Amino acid sequence: MKWQRFLSIPIFAVFLLMGFVYYVTLFVSIEDWVGLRSSDGSFHASVFSFLAFYSLFSFFVCVLTDPGRVPSSYVPDVEDRELSDQEFRRNVKHQRKCEICSTYKPQRCHHCRTCRRCVLRMDHHCQWINNCVGYWNYKAFFILVFFATVASIYSMVIFIACVLQKDWKVWGQSHLKLFYVVCGTPVLGLSMILGSLLCWHIYLMANNMTTIEVLGPNMLKWFLPAAVGHLKDGSSFRIAHDTRQIT
Ligand SMILES: [Zn+2]
Ligand SMILES: [Zn+2]
């Protein structure tokens with residue numbers, strides 16, 4: 001049962017962190033900065049709630065989507081006689097067999113020891129979603145990282161604005177300062193970690209395949225994590241030596 005994936009300590013920690021950041025942003029930062037019931041406060045609370053909701057939705061899609069199984073009918077296509085001998089040898093070399101599953105692995109398919117199976121276009125096994133990031137949920141994972149990064153930076157900016165406008169001569173008690181340090185540290189840390197992760201995946205996509213290949217040809221559907229109708233069966237890709245031959 002895929003819902004059982006939610007029964008893990010890292011996922012519980014993610015929910016806890018999301019709830020904490022949401023609470024701090026609305027009921028500490030915005031409340032202290034402009035007041036939650038003011039028009040500015042309502043606007044910022046709505047924008048942040050939308051970002052938080054979309055992050056949560058993408059998180060669910062990441063956890064519940066099967067990252068991709070090798071089709072049972074998959075047979076390595078190494079008999080293409082239109083290829084040159086050199087390309088033919090390369091093709092054979094890339095057809096690997098999983099010793100554990102005893103099945104052929106298409107390009108970019110790897111065996112995950114945690115999931116105990118082969119995963120199509122495996123990126124990595126992510127303990128925070130208790131699932132592999134693979135062919136069918138890579139888009140949802142990227143959107144999750146994107147929206148979580150934007151939400152964290154948004155929260156960080158509001159927190160900094162709140163701290164800067166505070167009159168610390170009046171509110172300078174040490175226990176209050178400690179409260180703000182406890183609230184601000186996770187927000188700042190999360191922004192830096194997620195920002196780095198987002199840059200890393202943008203770099204991967206830019207060097208490995210185009211954004212359209214990953215996210216789909218319709219820009220209106222780029223930020224819909226479950227819109228993956230443009231994907232094929234995940235058993236063949238343009239690989240590194242193909243790129244070198246073209247350029
Ligand atoms: Zn395997
Ligand atoms: Zn895995």
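The analysis underlying the following values was restricted to heavy atoms, covering all of them including side chains, and did not include hydrogens, waters or symmetry mates. What you are looking at is a predicted structure, and each value in this text was computed from that prediction instead of being measured. Numbers for residues simply follow the sequence, beginning at 1.
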### Query
Considering residues, nucleotides and ligands other than E99, do more than 12 of their heavy atoms fall under 6.0 Å from its CD?
no
### Query
Quick check: are there more than 12 heavy atoms from other residues, nucleotides or ligands sitting under 6.0 Å from OH of Y23?
no
### Query
Any luck finding a side-chain donor-acceptor pair between S191 and S152 under 3.5 Å?
no
### Query
Which word best sums up how the rings of F59 and F15 line up, parallel for under 30°, tilted for 30 to 60°, or perpendicular for over 60°?
perpendicular
### L7, CG: over 12 other non-hydrogen atoms inside 6.0 angstrom
yes
### Message
Contact between W136 and R121 at the side-chain level, heavy atoms closer than 4.5 Å - yes or no?
### Response
no
### Task
Would you kindly say whether S49 and Y22 are connected by a side-chain donor-acceptor distance under 3.5 Å?
yes
### Any donor-acceptor pair under 3.5 Å from K2 side chain to V63 backbone
no
### Task
Establish, yes or no, whether a centroid distance under 6.0 Å links the rings of H201 and F146.
no
### Task
Determine yes or no for a side-chain-to-main-chain donor-acceptor pair under 3.5 angstrom, with Q165 supplying the side chain and D32 the backbone.
yes
### Task
May I ask you to test the S58-F141 pair for a side-chain heavy-atom distance under 4.5 Å?
no
#### Entry: Non-hydrogen side-chain atoms of F142 and F147 separated by less than 4.5 Å
no
### Query
Between S38 (side chain) and G35 (backbone), is there a donor-acceptor pair under 3.5 Å?
yes
### Query
Taking N131 for the side chain and R5 for the main chain, is one N or O donor matched with an acceptor at less than 3.5 Å?
no
